Amino acid sequence: MGEAEVKPKKAGPVQCSICSQRRAALKRPKTLEQICRECFYAVFEEEIHRVIVDNQLFKPGERIAIGASGGKDSTVLAYVLSELNRRHNYGLDLFLLSVDEGITGYRDDSLETVKRNEIQYGLPLKVVSYKDLYGWTMDEIVKMIGLKNNCTFCGVFRRQALDRGAAMLKVDKLATGHNADDIAETVLLNILRGDIARLSRCTSIITGEDGPIPRCKPFKYTYEKEIVMYAYFKRLDYFSTECIYSPNAYRGFAREFIKDLERIRPRAILDIIRSGEKFRISTSAKMPEQGTCERCGYISSQKWCKACVLLEGLNRGLPKLGIGRTRGLNNGLECDTKQSNGVKNIQSKQCGTLDF
Ligand code: SF4
């Protein structure tokens, strides 16, 4: 995933258009207003607070895990949620939850950042690892399968690992650092692939309410550039290196396309999200019914969950068995990538930031 440019655009020697007292220090990417740092912090945090309140993302007394990768999104989310929780008395118990995929030279370094965040923000940290949960690290998986479908394995395993970690922490909800750019990109990808079923729910601010742990996205309307700017001005401690196994092909082009649109019209990101929300109303595509995996007990619309199918392939030395349009393993098991409309599933964000 490409990172937004860190350097904020310098505003000219003009007054802040919000407070009219201090000099403007930046041009806000979302609105192009010239504002001072203090007003930027205030509007950035207030917008997130409004999203939380208006969408009733949390209830007093809830235990909330923040999916933490050490990247900019989850680091800013942990910082801002802690601040808002104190300032507005949300009454939440916050935790950091990280997944160790076992990627040497990438995740081991980013986890060090999360460990520092644990101390900096005073939030207890839980780390769950692929090695412990599945018996495989991503380094070992890539050694076996190469760099073609690695993110399919990683995305499926991570989704389940987070749910398992959340269950260990006994939290009520998982908050992820998905930002507005991520959501716009997913809308676009689902349109390009004709995945109407996924399109209809990828803009939801809360998902998985019928699953083990609901997930919410407090940054649904927050621009990536503003997150980077906020982290930069606040000097937050985050990790910005990309995963060494990142493929970056189709999704990367969609991301660049959205960045081009944003350059011409900053509102384009919000417009794409709104379009995705409108599509939700008109869809009649049926989602598969949820049951539980016969093997591990995780939610699944098929006999075995996707993680168990992939794991079976790995353990049998036939890793392609669970990939893509494969209808199933030799014993007739069918993986649950296939949706009701027969189109391959697109993860909302298949990259190592844990913001998925
Ligand atoms: Fe996993 Fe993301 Fe790396 Fe792919 S790019 S292997 S999904 S961490």
Side-chain angles (χ1 to χ4, degrees), residues 48-49 51-53 55-86 88-101 107 110-130 132-134 154-179 182 204-220 222 227 236-239 297-299 307 347-356:
I48 295 161
H49 171 60
V51 168
I52 290 171
V53 172
N55 294 280
Q56 301 176 343
L57 295 192
F58 309 119
K59 293 192 195 90
E62 276 188 333
R63 291 165 67 88
I64 306 295
I66 300 164
S69 66
K72 62 179 188 327
D73 300 300
S74 58
T75 302
V76 172
L77 182 62
Y79 177 83
V80 170
L81 267 190
S82 311
E83 289 292 309
L84 295 177
N85 191 29
R86 257 192 300 273
H88 298 287
N89 294 320
Y90 290 166
L92 303 175
D93 268 339
L94 298 175
F95 301 86
L96 298 174
L97 173 58
S98 292
V99 175
D100 180 2
E101 299 93 343
R107 183 56 79 216
S110 63
L111 280 175
E112 289 308 311
T113 312
V114 184
K115 285 176 194 161
R116 290 196 299 276
N117 292 159
E118 176 185 19
I119 298 162
Q120 290 156 349
Y121 308 149
L123 302 176
L125 166 67
K126 171 87 192 157
V127 181
V128 286
S129 76
Y130 285 5
D132 290 345
L133 292 175
Y134 310 114
C154 196
V156 169
F157 287 169
R158 184 187 302 111
R159 167 158 280 276
Q160 200 175 104
L162 275 174
D163 280 342
R164 295 201 187 279
M168 290 175 204
L169 283 171
K170 296 190 171 54
V171 292
D172 300 290
K173 223 167 262 159
L174 176 65
T176 62
H178 271 112
N179 60 45
D182 299 327
S204 304
I205 196 160
I206 301 180
T207 54
E209 284 170 295
D210 50 347
I213 311 278
R215 295 171 182 228
C216 66
K217 306 176 190 112
F219 284 172
K220 178 177 172 187
T222 309
I227 292 170
L236 299 186
D237 183 4
Y238 71 95
F239 183 81
Y298 188 71
I299 56 158
Q347 300 293 323
S348 57
K349 189 174 184 181
Q350 285 187 335
C351 79
T353 62
L354 289 197
D355 308 319
F356 31 80

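Quick caveat: nothing in here was measured; it's all calculated off a predicted structure.
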Peer 1: Look at the side chain of K217 and the backbone N and O of S204, then say whether any donor-acceptor pair between them is shorter than 3.5 Å.
Peer 2: yes

Peer 1: Residues in salt bridge (charged side-chain N to carboxylate O under 4.0 Å, His left out) with K115, at least two apart?
Peer 2: E112

Peer 1: Any non-hydrogen side-chain atom of V76 less than 4.5 Å from a side-chain atom of F219?
Peer 2: yes

Peer 1: Distance only, no hydrogens: is a donor on one side chain within 3.5 Å (strictly under) of an acceptor on the other, for S110 and S69?
Peer 2: no

Peer 1: If we only count heavy atoms from C-beta on, is the L84 to Y79 side-chain gap below 4.5 Å?
Peer 2: no

Peer 1: Going by atom types alone, do D132 and S129 pair a side-chain donor with an acceptor below 3.5 Å?
Peer 2: yes

Peer 1: Has D182 got a side-chain atom pairing as donor or acceptor with N179's backbone, closer than 3.5 angstrom?
Peer 2: yes

Peer 1: Using the six-membered ring wherever Trp is involved, compare the ring planes of Y134 and F157 and label them parallel, tilted or perpendicular (cut-offs 30° and 60°).
Peer 2: parallel

Peer 1: Any carboxylate oxygen within less than 4.0 angstrom of a Lys/Arg side-chain nitrogen, looking at D172 and R63?
Peer 2: no

Peer 1: Using 4.0 Å as the upper bound for N to carboxylate O, is an ion pair formed by D163 and R215?
Peer 2: yes

Peer 1: Taking the six-membered ring for Trp, are Y90 and H49 ring centroids under 6.0 Å apart?
Peer 2: yes

Peer 1: For the pair I227 and T222, evaluate side chain to side chain contact (heavy atoms under 4.5 Å, CB included) and give the outcome as yes or no after the intermediate values.
Peer 2: CA-CA 7 Å; I227 292 170; T222 309; 3.6 Å; yes

Peer 1: Check whether any side-chain heavy atom of L123 lies under 4.5 Å from a side-chain heavy atom of E118, and answer yes or no.
Peer 2: no

